[in-house]
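Every value quoted in this text rests on a predicted model; they were computed, and no experiment measured them.
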Amino acid sequence: MVTLANQPVSQMNTPYPRRWAALGVLCLSLLIVVMANTALIVAAPSMTQDLGLTSADLQWVIDGYTVPYAALMLLFGVIGDKYSRRGALLTGLGVFAAGAVFGSLADTTTLVIAARMMMGVGAAMIMPATLSLLVATFPKPERSRAIAVWAATSGLAIALGPLLAGWLLESSSWGSTFLINVPIAVVAAVGALALVPPSKSESQGAIDWVGGLLSVVTIGGLVFAIIDGFHFGITSATVIAGLGSIVGALLFLAWELEHPRSLLDVRKLGDRTVGGATLAVLILFLTAFGIIYTVAQQFQFVLAYGPLETGVRLLPLAICVSIGAAVGGRMVGPIGIRFTIAFGMAVAATGAMILTVVDADSGYSVFLVSLILTGLGIGLSVSPSTDAIMGSFDERDLGAAGGLNDTAIEFGGALGIALLGSVLASNYKDGIAGFLASLPLGQLTGPQAEQAQQAVDIAGNSVGGATLVAQELADDPIAGSFAQPMLDAAGAAFTEAITHAGLVGGAMLGLGAVVVAFVLPTDAPGISADQPLEHNLA
């Protein structure tokens with residue numbers, strides 16, 4: 001196939017003239033990958049009602065995307081290095097779009113989860129390709145600015161997903177939240193052919209397939225165990241996945257240390273720059289996804305905002321990530337990369353900690369302050385962190401570097417939803433248990449008593465369940481008297497639970513800022529604190 005962008009940048013004598021337009025295509029590709037991770041948060045209520053999802057079903061509808069996405073990114077990044085980074089991007093866009101069409105047509109829980117997993121496979125091809133193509137396309141003096149735009153896009157997509165999904169749900173079914181990805185993927189694919197130059201590693205040897213398989217087992221097993229364990233307790237599946245991940249990690253390390261052309265130079269993880277920056281990315285996205293997950297439920301189920309209203313009210317987080325990413329690159333010159341990243345993490349920690357003052361009388365304003373500070377902190381830290389990771393790898397290993405950075409993002413996001421979601425759920429259950437136990441169910445008899453007990457069980461598991469149950473009970477002449485008190489008790493319990501989630505998220509970010517400040521060197525290799533970052537990458 002003859003494409004409009006045929007010549008690799010490595011064969012050009014001058015910088016590629018359409019590189020900023022190419023960056024737009026890469027950011028568009030990144031946009032749908034991240035949006036797919038957050039859009040279902042606001043679609044969850046309508047999906048639950050339409051498909052009759054249990055809490056376990058809903059969790060795997062969301063996380064069915066995450067497991068293959070996190071597990072395959074490193075391997076697919078290396079495959080792109082070997083054969084074609086643009087080819088990996090185009091293939092990923094095709095797989096992602098096909099999964100989205102499948103998801104829009106699915107009418108059972110199993111099919112929806114299968115569609116989400118298919119989209120996750122496509123996302124695992126797209127995400128590392130966007131970053132490796134960016135670094136291969138831009139000359140070194142401009143890379144930090146390009147990476148800042150890339151990082152701002154990922155932050156924008158976190159909140160844009162709920163916003164677009166909310167807008168669609170105003171007039172369409174939840175299937176439309178899948179279908180919106182298809183035209184964007186088509187535009188991105190056409191743009192990639194027209195604007196993104198082909199790229200691959202000229203010195204890439206044979207692919208380390210054994211290392212690739214072990215990385216999939218290690219990361220996939222660990223993500224599965226975290227999600228399953230936090231939400232459903234210690235089961236045989238959790239134990240098997242966890243043990244498999246530990247064994248896989250040990251074998252992966254042993255294999256990679258001895259392999260002459262390893263999938264990932266694991267010694268890089270011991271490098272202060274790579275290790276510190278990777279830790280920062282992981283903790284930042286842990287908090288970002290965890291806060292989006294918890295606050296979106298507060299908006300919908302407690303403050304009674306509709307899907308579109310929820311998306312609009314989450315948008316300040318995205319805007320502030322973009323602002324922070326633009327500012328973060330300029331801060332590196334005056335204060336150094338170590339303090340830029342640590343300062344950003346401290347700002348984000350402050351934003352998360354603000355959630356600890358939320359109470360039953362709190363309106364949107366307190367959440368707005370939290371979202372603004374969290375977004376600014378993430379933006380300040382993520383851009384220089386990603387720049388430091390990518391700048392520490394050779395050109396032939398850009399796919400592996402991108403895979404490492406993106407795995408940290410996705411693993412952090414999965415851990416954030418699992419960890420903060422678990423803190424939220426356990427505290428909510430404890431908070432509402434006393435009220436539910438006090439309900440005078442003894443007044444009811446026969447089928448009505450059985451239905452009421454089922455309603456109590458559902459309400460005890462989630463604030464969303466309590467809302468749906470209260471709506472169903474409202475017209476019952478006897479049980480209807482329980483409806484409004486149940487809503488009030490559920491809202492109070494959930495609001496109290498958010499304070500605990502904010503405390504955990506803020507504490508992790510604060511501790512992470514301290515660790516990163518000690519681990520990171522004053523400046524990444526080639527970056528001087530006396531000059532702007534983009535100048536020193538030349």
Side-chain angles (χ1 to χ4, degrees), residues 41-42 44-45 48 55 58 159 162 166 230-231 287-307 309-314 316-317 348-375 416-439 455-471 473-474 482-509:
I41 291 174
V42 296
T48 299
S55 59
L58 179 59
F230 271 115
H231 287 284
T287 306
F289 278 91
I291 286 180
I292 285 280
Y293 179 75
T294 57
V295 170
Q297 292 184 71
Q298 175 81 7
F299 287 175
Q300 289 183 280
F301 295 124
V302 180
L303 300 182
Y305 295 139
E309 292 174 309
T310 296
V312 170
R313 283 165 175 78
L314 290 172
L317 174 73
T350 303
M353 283 293 187
I354 285 176
L355 293 177
T356 61
V357 304
V358 170
D359 58 30
D361 297 323
S362 296
Y364 175 64
S365 58
V366 66
F367 293 99
L368 176 61
V369 175
S370 175
L371 292 172
I372 287 173
L373 290 176
T374 303
I417 291 176
L419 175 59
L420 297 191
S422 177
V423 170
L424 193 76
S426 62
N427 280 277
Y428 168 80
K429 291 176 182 179
D430 291 343
I432 199 173
F435 168 80
L436 295 177
S438 70
L439 287 175
V456 165
D457 293 340
I458 293 170
N461 285 325
S462 72
V463 67
T467 301
L468 293 175
V469 164
Q471 291 170 352
L473 292 179
F482 304 159
Q484 190 57 50
M486 181 181 291
L487 275 178
D488 294 340
F494 192 80
T495 300
E496 176 65 22
I498 274 196
T499 66
H500 294 276
L503 178 63
V504 172
M508 292 192 68
L509 269 171

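- Scanning both residues, N427 and V423, for their nearest heavy atoms gives ND2-O, 2.8 Å.
- T356 OG1 to E496 CD: the interatomic distance, rounded to the nearest 0.5 Å, is 10.5 Å.
- In terms of the side-chain contact (heavy atoms from CB on, under 4.5 Å) criterion, residue partners of T495 (sequence neighbours excluded) are, by chain and number, Q298, V302, V358.
- Atom CD1 in I498 sits 6.5 Å away from atom CG in L355 (nearest 0.5 Å).
- In this structure, CG on L317 lies 10.5 Å from CG on L368, to the nearest 0.5 angstrom.
- When atom types are taken as modelled, the side chain of Y293 and the backbone of L420 share no donor-acceptor pair closer than 3.5 angstrom.
- Residues D361 and D359 come closest through the heavy atom pair N-OD1, 2.9 Å.
- Taking each heavy atom of G431 and A493 in turn, the nearest pair found is C-CB, 3.8 Å.
- Nearest heavy-atom pair across L419 and M508 is CD2-SD, 3.3 Å.
- Between the OG1 atom in T287 and the CG atom in L509 there is a gap of 3.5 Å [rounded to 0.5 Å].
- Under the 4.5 Å side-chain criterion, counting only non-hydrogen atoms from C-beta, F367 is not in contact with R313.
- When all heavy atoms of G505 and A352 are compared, the pair lying nearest together is C-CB, 4.1 Å.
- We find the CD1-CG distance between I292 and L371 to be 6.5 Å, quoted to the nearest 0.5 Å.
- Listed here is the closest heavy atom pair of P316 and I372: CB-CG1, 4.4 Å.
- Note that the CG atom of L424 and the OG1 atom of T499 stand 9.5 Å from one another [nearest 0.5 Å].
- Looking at residues two or more places apart in sequence or on another chain, you find a side-chain contact (heavy atoms from CB on, under 4.5 Å) between T310 and V42, A296, F299, Q300, Y305, L314.
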